[in-house]
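Note that the structure is predicted; figures quoted are calculated from it, not measured.
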Amino acid sequence: GELVGTLRQRLEQHRADPACASCHKLMDPLGFALENFDAVGRYRDVEKNKPIDSSGSYIARDEQTARFQGTAELADYLANSPDAHRAFVNRAFQHFVKQPAAAYGAGTLDELTSKFVKSGYNVKELIIEIAVVAAMPVEKSTAQEES
């Protein structure tokens with residue numbers, strides 16, 4: 001059957017379900033800034049004869065809520081977001097090393113993220129830093145040494 005209401009309205013009902021709400025309360029408001037684009041990427045001002053509301057928000061790791069309107073403000077937020085920087089470094093590490101950064105020490109992700117920011121977000125330097133970390137032997141934990 002035909003879906004009733006706008007996507008925003010349907011997702012509001014979806015987030016009312018406790019089983020779904022824990023993740024969707026973070027993801028959905030972030031994606032609302034992209035609402036001017038339909039499922040195939042066409043720009044639109046209305047959905048189901050209702051004006052698009054492209055206001056979005058994100059609750060950062062520090063529990064602060066960032067609010068933005070549309071894709072330009074979302075892009076600006078992400079470009080300056082410590083959460084986005086950390087997530088990018090984390091995914092890059094996992095992609096290249098095929099292991100989580102934490103496997104190389106509890107502070108590895110924070111250290112790599114700090115170097116990435118200090119380099120002016122130089123991706124080439126990040127990849128080199130990841131390679132250096134991955135080339136170092138992983139220190140055994142005391143539990144491994146006892147076995």
Side-chain angles (χ1 to χ4, degrees), residues 3 6-47 51-147:
L3 297 173
T6 65
L7 177 61
R8 184 180 285 262
Q9 290 168 331
R10 291 191 309 273
L11 288 174
E12 285 173 7
Q13 292 171 352
H14 183 90
R15 284 190 311 278
D17 181 344
C20 305
S22 62
C23 293
H24 282 271
K25 72 180 181 182
L26 297 173
M27 295 184 305
D28 294 352
L30 185 64
F32 289 146
L34 304 170
E35 274 298 290
N36 281 115
F37 299 94
D38 70 9
V40 295
R42 292 177 297 207
Y43 187 86
R44 63 192 178 164
D45 288 319
V46 296
E47 179 188 6
I52 294 290
D53 175 4
S54 64
S55 61
S57 63
Y58 176 71
I59 302 170
R61 293 177 73 222
D62 64 5
E63 300 297 322
Q64 297 297 312
T65 300
R67 300 192 185 286
F68 30 80
Q69 181 72 39
T71 55
E73 288 184 18
L74 172 60
D76 186 54
Y77 170 74
L78 292 174
N80 295 295
S81 165
D83 285 3
H85 304 156
R86 182 182 171 87
F88 179 81
V89 171
N90 187 42
R91 295 303 301 155
F93 192 95
Q94 289 178 354
H95 174 77
F96 290 111
V97 183
K98 308 299 186 223
Q99 291 187 53
Y104 289 81
T108 301
L109 182 57
D110 289 336
E111 185 178 329
L112 286 170
T113 302
S114 177
K115 288 179 178 181
F116 181 56
V117 172
K118 287 177 185 171
S119 76
Y121 310 100
N122 187 311
V123 175
K124 184 177 180 180
E125 286 185 32
L126 172 63
I127 294 169
I128 292 168
E129 291 292 340
I130 289 172
V132 168
V133 169
M136 298 294 184
V138 178
E139 292 183 27
K140 293 181 182 178
S141 71
T142 48
Q144 290 174 325
E145 291 173 355
E146 293 173 1
S147 56

How many angstroms lie between atom [atom1] of [X] and atom [atom2] of [Y], to the nearest 0.5 angstrom?
X     : Y      : atom1 : atom2 : value
Phe93 : Thr108 : CZ    : OG1   : 6.5 Å
Leu78 : Phe88  : CG    : CZ    : 13.0 Å
Ser57 : Leu74  : OG    : CG    : 10.5 Å

>> Looking at Arg86, is its backbone amide N or carbonyl O close enough to the side chain of Asn90 to form a donor-acceptor pair, meaning the two atoms are under 3.5 Å apart?
In response: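 Between the backbone of Arg86 and the side chain of Asn90 there is no qualifying donor-acceptor contact (under 3.5 Å).
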>> Main chain of Asp110, side chain of Ser114: is a donor-acceptor contact present, judged purely on distance under 3.5 Å?
In response: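 No, the answer is negative, given that no donor and acceptor are paired below the 3.5 Å cut-off.
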> Between Ser81 and Asp83, is any side-chain donor less than 3.5 angstrom from a side-chain acceptor?
Replying inline: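 On atom types as modelled, these side chains do not qualify, holding no pair under 3.5 Å.
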Compare every heavy atom of [Y] with every heavy atom of [X], then report the nearest pair and how far apart it is.
X      : Y      : result
Ala92  : Leu126 : CB-CD2, 4.2 Å
Pro29  : Phe68  : O-CE1, 4.4 Å
Ser119 : Asn122 : OG-N, 3.0 Å

> Any side-chain heavy-atom pair from Asn36 and Thr71 closer than 4.5 angstrom?
Replying inline: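 When only atoms from C-beta onward are counted, Thr71 and Asn36 do not touch, as no gap falls below 4.5 Å.
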> With Lys115, which residues qualify under salt bridge (charged side-chain N to carboxylate O under 4.0 Å, His left out), at least two apart?
Replying inline: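 Lys115 satisfies salt bridge (charged side-chain N to carboxylate O under 4.0 Å, His left out) with Glu111, Glu129 once adjacent residues are dropped.
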> Around Arg44, counting heavy atoms of other residues, nucleotides and ligands shown, do more than 12 lie under 6.0 Å from its CZ?
Replying inline: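 Atom CZ in Arg44 is crowded, with more than 12 foreign heavy atoms closer than 6.0 Å.
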> Applying side-chain hydrogen bond (donor to acceptor under 3.5 Å, both in side chains), which residue pairs with at least one partner in residues 93-107 are found, sequence neighbours left out?
Replying inline: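 Listed once each, the pairs are Arg91-Gln94.
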>> My understanding is that only residues two or more places apart in sequence, or in another chain, count here; which of them pass ring pair (Phe, Tyr, Trp, His ring centres under 6.0 Å) with Tyr121?
In response: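 Once residues adjacent in sequence are excluded, the partners of Tyr121 under the ring pair (Phe, Tyr, Trp, His ring centres under 6.0 Å) criterion are His85, Phe116.
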